[in-house]
**Student:** 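Let me begin by handing over the structure; questions about it come next.
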2 protein chains.
Amino acid sequence: MKKRTYNCGLDAAVDVVGGKWKALILWALHREPLRFGELRRSISGISEKMLIQQLREMEVYGLVHREVHRQVPPKVEYSLTEFGRSLNEALIPLGDWGHRHMATIEAIPRD
Amino acid sequence: MKKRTYNCGLDAAVDVVGGKWKALILWALHREPLRFGELRRSISGISEKMLIQQLREMEVYGLVHREVHRQVPPKVEYSLTEFGRSLNEALIPLGDWGHRHMATIEAIPRD
DNA sequence: CGTCCTACTTACCAAAAGGTAGGTACCTGA
DNA sequence: TCAGGTACCTACCTTTTGGTAAGTAGGACG
């Protein structure tokens, strides 16, 4: 997040959901609240550092809610806020598109 | 574009439309084909280098079509392909979301 | 006492993305 | 002859993003 004003809604949305992981995290929390370790395991390839970093940002953005259950071992659950859920819904068509064109996308030459 | 396989469609879509500019360029070409200079002027803040770089990638991805009219001064028109149009449509809900929540997004504290 | 569990935190590094400033080629018109 | 317009290209640098590896706290369990 660098800017303060946007020319169009897409501009603003990309700023919020930008980066490699936020959309995936949002998606992972779609069904049910998950704890840190569950999230890490459900998003293949993400490092602990990235997961926390993104979760913290998304908490500030008001997309996810963080709930600490004081126990040993620690248990922290992450869930979507209403705001997060609304963004998730806006991402569904994009996810569908990616799903429909997966083969085409994978066939794109890299570098 | 770094990966070859994806876990979900959203993953793939984010890989294609990722970065700061591609979604904006797609959006700018929504109405009509534009030439290089028109594009540059219609996307505020973009540098020539970024615009070309992104256009080239999007051409490889099959999202935009580049047509050179041999004249002096040169005229090059960029337009959306069917593939590009389909992606653009998938981005509409996201753009709407950003538009609806613009005030909230702008109010998010930075850094 | 030592090891395991969870959910982090920190330091350090590499790669990717983005920005700036200049230059090129071609023809036009003054 | 020389500035002007279009659509680039190139080198260099900074910022952002992502990754690795290690360490921490506070019990539980053997």
Side-chain angles (χ1 to χ4, degrees), chain A residues 1-4 6-7 11 14-25 28-29 33-61 64-79 108-111, chain B residues 1-4 6-7 11 14-26 28-29 33-61 64-79 108 110-111:
Chain A
M1 307 276 289
K2 319 93 195 170
K3 293 175 273 178
R4 282 112 231 278
Y6 303 99
N7 307 312
D11 195 358
V14 165
D15 218 14
V16 170
V17 85
K20 197 170 164 182
W21 301 112
K22 292 207 182 70
L24 279 331
I25 295 173
L29 292 174
L34 293 175
R35 41 197 301 198
F36 183 80
E38 292 171 329
L39 262 177
R40 180 176 20 108
R41 281 187 294 275
S42 78
I43 302 176
S44 91
I46 196 166
S47 67
E48 295 196 338
K49 175 191 148 189
M50 275 298 115
L51 182 52
I52 294 224
Q53 208 173 64
Q54 303 298 308
L55 281 170
R56 289 280 140 92
E57 280 183 43
M58 292 165 80
E59 213 188 329
V60 172
Y61 295 1
V64 305
H65 172 71
R66 176 170 180 269
E67 185 136 18
V68 182
H69 303 265
R70 301 190 101 278
Q71 24 177 275
V72 169
K75 172 172 176 177
V76 181
E77 273 197 332
Y78 294 91
S79 55
I108 292 171
R110 339 262 146 181
D111 303 296
Chain B
M1 306 275 289
K2 321 92 194 169
K3 292 175 272 178
R4 285 112 229 279
Y6 303 99
N7 307 312
D11 195 357
V14 165
D15 217 13
V16 170
V17 85
K20 197 171 165 185
W21 301 113
K22 291 207 184 67
L24 278 331
I25 295 173
L26 228 42
L29 291 175
L34 292 175
R35 39 197 302 197
F36 183 80
E38 292 170 331
L39 262 175
R40 179 176 22 109
R41 281 186 295 274
S42 79
I43 302 175
S44 91
I46 197 168
S47 67
E48 295 197 338
K49 176 192 149 188
M50 275 300 116
L51 182 52
I52 294 224
Q53 207 172 68
Q54 303 298 308
L55 282 169
R56 289 281 140 94
E57 280 183 43
M58 292 165 80
E59 212 189 328
V60 172
Y61 294 2
V64 305
H65 172 70
R66 176 171 182 269
E67 185 136 17
V68 182
H69 303 266
R70 301 190 101 277
Q71 18 176 280
V72 169
K75 171 172 176 178
V76 181
E77 274 197 333
Y78 294 91
S79 55
I108 293 170
R110 340 260 147 183
D111 303 297

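Just so it is clear: chains get the letters A, B, ... in the order the sequence lines come, proteins before strands, and each one is counted from 1.
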**Student:** Taking all heavy atoms of B:Gly19 and all of A:Val14, pick out the closest pair and write down the distance.
**Tutor:**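 That closest heavy-atom pairing would be O-CG1, 4.0 Å.
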**Student:** Could you tell me how far apart B:Lys49 (NZ) and C:dG23 (C1') are, to the nearest whole angstrom?
**Tutor:**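 Rounded to whole Å, this separation is 15 Å.
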**Student:** Could you tell me the separation between the NZ atom of A:Lys20 and the P atom of D:dG19, rounded to a whole number of Å?
**Tutor:**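 Rounded to the whole Å, the gap is 4 Å.
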**Student:** To check you understand the geometry: which heavy-atom pair defines the closest contact between B:Val16 and B:Tyr61, and what is its length?
**Tutor:**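 Closest pair (atom of B:Val16, atom of B:Tyr61, distance): O-CE2, 3.5 Å.
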**Student:** Within this structure, what is the CG-to-P distance between A:Leu51 and D:dT20, rounded to whole angstrom?
**Tutor:** 14 Å
**Student:** Round to the nearest Å and state the distance from B:Glu77 atom CD to D:dT6 atom C1'.
**Tutor:** 14 Å
**Student:** I'd like to check B:Arg35 versus B:His69 (side-chain heavy atoms, cut-off strictly below 4.5 Å). Are they in contact?
**Tutor:**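 A side-chain contact is absent here, since even the closest heavy-atom pair is not under 4.5 Å.
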**Student:** Let me confirm one number: the CG-CD1 distance from B:Leu34 to B:Ile25, rounded to the nearest 0.5 Å.
**Tutor:** 11.0 Å
**Student:** Can you give one letter per nucleotide of nucleotides 1-8 of chain C, going 5' to 3': B for a protein heavy atom under 4.0 Å from the base, S for sugar-phosphate only, - for none?
**Tutor:** -----BSB
**Student:** Which whole-number value in Å describes the distance from A:Ile46 CD1 to D:dT17 P?
**Tutor:**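 Distance, rounded to whole Å: 14 Å.
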**Student:** Rounded to whole Å, please give me the gap between CG in A:Leu24 and P in D:dG18.
**Tutor:**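 Taking atom P of D:dG18 as the reference, CG of A:Leu24 is at 11 Å.
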**Student:** How far does CZ of B:Arg66 sit from CE of B:Met58, to the nearest 0.5 angstrom?
**Tutor:** 14.0 Å
**Student:** Between C:dA17 atom C1' and B:Ile25 atom CD1, what is the distance in whole Å?
**Tutor:**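 So the two atoms are 14 Å apart, to the nearest Å.
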**Student:** Do A:Ile46 and A:Leu24 pass the side chain to side chain contact (heavy atoms under 4.5 Å, CB included) test, and can you show the C-alpha distance, the side-chain angles, and the key distance before you say yes or no?
**Tutor:** CA-CA 10 Å; A:Ile46 196 166; A:Leu24 279 331; over 6 Å; no
**Student:** Measure CE/A:Met50 against P/D:dA21 and give the value in whole Å, please.
**Tutor:**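 My rounded result for the distance is 15 Å.
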